[in-house]
Amino acid sequence: MNLPQVIEQATLLANEMIAPEIHRMELHAPGISGVAQPGQFVMLGLSGLDPLLRRPFSIHQCTDNSITLLYKVVGKGTTAMAQMGAPQQVSLLGPLGNGFQPALEATHHCLVGGGLGIAPMLFLANHIRKSQPNAGVTILLGGRNKQELLAQEEFAPLGNLQVATDDGSAGLHGFVSELLENIDRKDMHVYTCGPLPMMKVVAEICRKKSWLCQVSLESHMACGMGACLGCAVEKAELRPNEKKYVHVCKDGPVFNASLLWL
Amino acid sequence: MNLPQVIEQATLLANEMIAPEIHRMELHAPGISGVAQPGQFVMLGLSGLDPLLRRPFSIHQCTDNSITLLYKVVGKGTTAMAQMGAPQQVSLLGPLGNGFQPALEATHHCLVGGGLGIAPMLFLANHIRKSQPNAGVTILLGGRNKQELLAQEEFAPLGNLQVATDDGSAGLHGFVSELLENIDRKDMHVYTCGPLPMMKVVAEICRKKSWLCQVSLESHMACGMGACLGCAVEKAELRPNEKKYVHVCKDGPVFNASLLWL
Amino acid sequence: MAINLTVAIGDWQLKNPIMTASGTFGYGEEFSPFVKLSELGGIVVKGISLQPRDGNPPPRVVETACGMLNAIGLENVGLAAFIDQKIPMLAKTKADVVVNILGDSIEEYEEITAALDNEDVVKAIEVNISCPNVKKGGVAFGTNADMAAKVTDAVRRKTGKPIIIKLSPNVTDIVEIAKAVEGEGATAISLINTLLGMAIDIETRRPKLANIVGGLSGPAIKPLALRMVYQVASATNLPIIGIGGISSLEDVLEFIIAGATAIQIGTANFVNPALSGELVRGLENYLQNKGLTSVKQLAGSIIT
Amino acid sequence: MAINLTVAIGDWQLKNPIMTASGTFGYGEEFSPFVKLSELGGIVVKGISLQPRDGNPPPRVVETACGMLNAIGLENVGLAAFIDQKIPMLAKTKADVVVNILGDSIEEYEEITAALDNEDVVKAIEVNISCPNVKKGGVAFGTNADMAAKVTDAVRRKTGKPIIIKLSPNVTDIVEIAKAVEGEGATAISLINTLLGMAIDIETRRPKLANIVGGLSGPAIKPLALRMVYQVASATNLPIIGIGGISSLEDVLEFIIAGATAIQIGTANFVNPALSGELVRGLENYLQNKGLTSVKQLAGSIIT
Ligand SMILES: Cc1cc2nc3c(=O)[nH]c(=O)nc-3n(C[C@H](O)[C@H](O)[C@H](O)COP(=O)(O)OP(=O)(O)OC[C@H]3O[C@@H](n4cnc5c(N)ncnc54)[C@H](O)[C@@H]3O)c2cc1C
Ligand SMILES: Cc1cc2nc3c(=O)[nH]c(=O)nc-3n(C[C@H](O)[C@H](O)[C@H](O)COP(=O)(O)OP(=O)(O)OC[C@H]3O[C@@H](n4cnc5c(N)ncnc54)[C@H](O)[C@@H]3O)c2cc1C
Ligand SMILES: Cc1cc2nc3c(=O)[nH]c(=O)nc-3n(C[C@H](O)[C@H](O)[C@H](O)COP(=O)(O)O)c2cc1C
Ligand SMILES: Cc1cc2nc3c(=O)[nH]c(=O)nc-3n(C[C@H](O)[C@H](O)[C@H](O)COP(=O)(O)O)c2cc1C
Ligand code: FES
Ligand code: FES
């Protein structure tokens with residue numbers, strides 16, 4: 001079920017570095033912000049022919065009129081993005097894909113973000129807080145170090161926040177999955193985004209504890225809208241005649257972990 | 001005879017629009033400005049792979065530490081240039097080519113610039129004024145309209161300035177070549193840069209009046225330094241075994257009109 | 001004055017020369033938020049094979065300088081599901097549909113063609129003998145003039161619809177192949193499909209595509225595509241559909257001036273999903289501004 | 001630990017794998033303000049023919065997306081003037097010089113080779129059977145395996161110096177041509193030369209190049225070049241010199257990992273005339289940082 005999509009000439013409102021190599025970009029994009037769901041993404045277009053393709057980014061924050069992206073400078077597209085300034089125009093295609101489906105009946109929600117996977121979690125946390133003001137929410141964030149624990153201040157008021165770092169510079173010295181492992185609860189709904197190995201561990205913990213788990217995947221994308229079939233990822237084979245791959249952009253980016261990894 | 005060449009990371013000092021689609025860019029480039037001669041050019045490099053090649057621009061003005069370019073926005077390279085701002089870094093290759101050779105013995109110098117061909121004339125006028133303070137200098141500028149008569153204020157103190165416009169909005173209603181035709185002088189040395197048809201008329205007038213004439217050519221360039229052989233233009237054939245083409249970047253851009261067109 | 005944008009490919013009258021390329025436009029529906037499909041000259045759907053295919057393992061796409069490599073490997077729903085599920089949906093859009101087909105053998109090409117011959121919504125069949133991303137068939141037919149001729153002849157006998165043969169650029173002499181398919185009754189030729197390329201991840205020392213090699217598309221290949229269109233247009237009498245890196249009105253005009261009757265937008269659909277519709281309007285405006293009344297006045301108007 | 005950058009092409013020991021490509025580096029002297037020529041693995045000078053040539057009429061170059069088209073048409077001083085004027089100048093630079101040669105007939109290739117065989121400064125001869133910009137010879141030899149083999153054999157008999165055959169990418173099967181020249185005693189293969197392309201000025205409706213078509217080079221063609229290097233390296237035992245769109249250290253590494261023994265910088269010399277020298281140092285630093293001691297540890301290290 002894909003929601004309405006638009007190509008929107010968004011105006012850059014702010015674009016600032018918030019940690020080494022990590023930037024936050026806010027865009028006036030009422031067409032997209034009005035319909036976006038947590039976990040959905042946009043394809044951001046750069047002018048010129050090189051880089052050629054749009055780049056996918058999760059929606060980090062969403063207000064009535066604007067969306068915010070949290071991105072890491074890794075290559076030529078994100079380098080060009082980091083050099084932009086307000087009030088430049090940016091072409092956005094979105095909102096795309098199927099977002100998280102917060103369980104209404106869940107006794108407790110647990111959001112697990114690692115590294116840049118923290119990005120979509122803020123929108124999700126805000127959404128749950130708003131739509132289910134009384135629901136219990138635990139937020140687990142992980143990063144290599146303190147500086148990579150992004151947007152902590154924004155998360156703090158939204159739930160029970162716990163953090164972990166690989167180098168011990170903040171919170172638990174270890175993996176964010178250990179924080180999850182330590183939770184002792186019967187009914188819980190887990191939402192996760194981050195590096196693939198982390199998400200697989202999270203999904204495995206959930207399987208053992210019988211928690212439902214939704215994971216948000218990345219994949220190399222050309223179109224972001226189901227047309228190129230470039231973003232395939234292998235899924236667990238259920239029945240002999242079933243398709244071998246799902247497509248992150250239109251079947252995801254959020255999947256039930258059980259569909260992917262059994 | 002090519003002078004020393006460098007690749008210089010120049011700092012942008014100013015970049016402003018001075019007429020519709022016409023911009024002036026000043027760059028801190030002491031390595032180039034220290035040795036540049038009037039009529040020489042630089043190859044300006046843009047970052048990224050598209051546009052790929054450097055773009056050639058005449059040196060419009062030259063101080064001890066800086067050079068100024070006067071450019072028209074015509075395509076993707078110049079569009080990108082127009083968007084730059086101080087203190088960005090720009091890669092310059094130069095100074096390139098053979099510039100004007102102001103005749104020392106000339107009783108009178110006449111500079112004829114049309115359209116963007118005005119660009120190199122300012123450097124030349126300043127140079128003649130400095131090196132031959134007593135020489136007579138006439139400056140003829142032409143453009144399609146008043147707005148295209150660039151840098152008039154800078155030229156005014158440097159010689160006897162006359163202008164012509166296609167639409168009559170300033171000076172003579174007609175071609176700049178008519179101003180030249182009207183000059184009644186025996187010995188004169190003419191330097192011209194502008195659209196090819198204009199320069200051919202100028203050269204023809206000079207031939208009839210027995211004035212020596214130096215013309216500055218343009219051509220599509222890949223390297224600007226004699227390596228690709230891309231910038232060939234046909235020259236007048238003098239002797240049966242002579243080469244058919246000259247190369248604008250290293251044999252020019254300034255040529256004696258007689259070499260090109262007899 | 002009314003501008004005439006129509007062009008003909010055999011009996012099929014196209015509203016205008018702007019089509020979309022196979023594999024870059026899904027089954028059309030994905031683009032309906034951005035383009036009114038019925039306003040395009042035609043849409044070419046993702047290549048269909050007799051049996052459904054899963055396609056190649058990921059990663060399947062990687063960006064290169066002004067271009068991209070893909071190794072989708074012809075993932076598609078297969079002929080039966082296409083007819084059952086996609087044709088009814090396509091019929092509703094009122095788009096002029098071209099079906100791109102691919103077989104592992106001449107018999108497969110025949111069988112698919114015969115099945116599609118019954119479908120009214122299908123205006124023409126584009127025969128892909130040039131896919132570099134599948135092991136059998138595909139490009140093997142497209143790089144050999146005899147084989148290309150045989151496929152053309154076989155398909156020709158199975159349908160009265162226009163047959164467009166889509167050629168591979170990965171050949172020494174594109175004109176030889178074009179003439180071979182012209183001789184066997186092709187209605188038109190489309191070119192080019194992608195060029196075989198590769199990219200390597202220097203950290204892992206592995207190819208960036210799981211399939212090792214993939215097809216290069218996008219603006220990077222435009223000069224090659226344009227040259228081939230010009231060569232084939234000069235050497236054959238068939239209508240040519242130009243494809244390769246087209247991403248602006250200027251690009252469209254270059255191909256038409258070089259001799260293309262129509263053109264297809266490929267990779268550029270990913271960059272701007274609304275592009276194809278914009279180009280229809282852009283072309284009309286351009287002709288108007290130039291005082292031309294028909295796009296045919298431009299076609300093949302190159303001065304050499 | 002000292003890093004060993006040397007590689008071998010036949011008897012010729014290159015200081016390092018970084019060379020510059022024919023036609024993009026003049027006769028070397030133009031670049032001496034920017035690069036110490038003797039520090040490069042080798043420099044390949046502009047193609048030399050038996051007689052001097054004027055080349056094609058202008059315009060000869062035009063930029064395309066991430067690339068450029070050229071139709072220089074082999075303007076060059078001719079064999080005699082090259083030996084008289086350029087060789088003494090090149091000898092002074094202490095550079096390792098490769099001479100790129102082009103003939104209209106096998107006899108011409110033979111005659112040029114025989115004359116260069118006497119010149120000490122010439123470390124190897126690169127036989128251009130792939131120039132798309134001249135009417136006769138050139139690419140005609142490069143697109144036919146038999147002809148390519150004949151040229152190789154003929155040149156081979158005229159010199160004891162390493163013979164590098166430079167292949168054309170405008171072919172259906174690059175491996176077939178590579179094997180043909182391997183069979184006739186080529187010392188090494190360099191690839192790729194430019195791809196035949198075209199661009200049209202929509203205002204004048206004329207080709208942007210006076211020669212109508214030209215050779216495409218630059219980053220746009222890198223994926224094709226890399227694929228061909230990989231294919232030829234996998235199928236022959238000859239050292240391969242990779243060429244095509246190389247403009248960064250990462251590009252150099254991709255070609256070496258794919259199986260290239262050495263590489264040549266072409267169009268990128270125009271963008272950054274100092275690049276070739278920078279890459280020698282960059283490669284050394286890279287190996288050091290990765291804890292490698294020899295560039296040979298990288299060569300052909302692709303994992304598939
Ligand atoms: C659905 C989705 C949501 C995403 N959300 C975010 C986000 O919120 N914040 C963020 O910083 N990044 C996010 N990414 C990743 C982001 O799209 C890439 O980092 C970006 O496209 C890199 O562009 P580039 O031009 O800078 O890098 P390139 O020069 O293209 O490549 C640099 C490196 O990034 C890798 N890369 C390129 N594209 C992708 C991709 N699509 N997915 C993963 N790796 C890639 C390349 O393999 C290469 O190693 C998301 C990706 C997807 C698919
Ligand atoms: C020696 C020399 C000195 C020059 N000095 C100046 C100057 O002082 N001011 C100035 O504004 N321009 C000057 N030019 C022209 C300038 O180089 C081009 O306008 C510029 O390269 C266009 O780049 P672009 O990317 O904006 O246009 P593109 O997108 O590359 O092309 C746009 C249009 O410009 C034409 N063009 C492209 N390159 C050239 C070229 N080298 N010469 C002529 N036409 C070209 C194209 O054919 C096309 O029609 C000079 C050219 C030369 C050769
Ligand atoms: C992701 C992708 C998938 C493609 N799938 C097909 C296909 O199924 N059948 C086909 O004939 N061509 C296919 N092509 C080739 C395109 O139709 C087109 O010929 C090629 O991409 C060149 O055009 P472009 O440069 O405008 O993209 C595909 C191209 C891409 C990029
Ligand atoms: C302007 C120009 C001139 C060239 N002249 C020659 C030549 O004389 N002989 C030759 O074998 N290749 C010639 N080439 C091809 C290059 O040597 C090289 O093979 C090709 O440009 C691809 O490399 P690149 O993409 O790095 O430029 C020329 C290329 C260019 C751009
Ligand atoms: S990115 Fe194109 S189908 Fe998913
Ligand atoms: S521009 Fe390369 S030789 Fe003149």
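A, B, ... follow the sequence lines: proteins, then strands. Residue 1 opens every chain.
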Output for pair (Y245(A) OH, I72(C) CD1), nearest 0.5 Å, gives 11.0 Å
Answer key: most heavy-atom pairs under 4.5 Å with chain A among C66(C), P33(C), G23(C), P52(C) is C66(C)
When every non-hydrogen atom of G230(A) is compared with those of V61(C), the smallest separation belongs to CA-CG1, 3.8 Å
What closest approach, in Å, do A227(A) and E30(C) show between heavy atoms, and which atom pair accounts for it?
N-CG, 4.5 Å
Honestly, the part of F31(C) sitting under 4.5 Å from a heavy atom of chain A is both
Considering only heavy atoms from C-beta outward, does the side chain of M225(A) approach that of F270(C) to under 4.5 Å?
no
Closest non-hydrogen atom pair, L52(A) against V271(C):
O-CG2, 3.4 Å
Nearest-0.5 Å distance that lies between atom OG1 in T64(C) and atom CG in D50(A):
8.0 Å
Using the rule given for side-chain contact (heavy atoms from CB on, under 4.5 Å), can you reason through K243(A) versus D54(C), listing the C-alpha separation, both sets of side-chain angles and the distance that settles it, and then say yes or no?
CA-CA 6 Å; K243(A) 283 168 63 185; D54(C) 283 329; 4.3 Å; yes
Heavy-atom proximity to chain C below 4.5 Å, by part of M43(A)
neither
Of all of L46(A), L229(A), V6(A), which one pairs up most often with chain C through heavy atoms under 4.5 Å apart?
L229(A)
Spatial distance of atom CZ (F34(C)) from atom CG (L93(A)) [nearest 0.5 Å]:
5.0 Å
What's the spacing between N70(C) CG and C228(A) SG if we round to 0.5 Å?
8.0 Å
Quick one, H220(A) with K208(C), criterion side-chain contact (heavy atoms from CB on, under 4.5 Å). Give me CA distance, side-chain angles, the key distance, then yes/no.
CA-CA 11 Å; H220(A) 285 251; K208(C) 287 189 178 171; over 6 Å; no
Any side-chain heavy-atom pair of N269(C) and C223(A) under 4.5 Å:
no
One should read off an interatomic distance between N272(C) CG and I7(A) CD1, to the nearest 0.5 angstrom, of 5.0 Å
NZ/NE/NH1/NH2 to OD/OE distance under 4.0 Å, E63(C) and R55(A)
yes
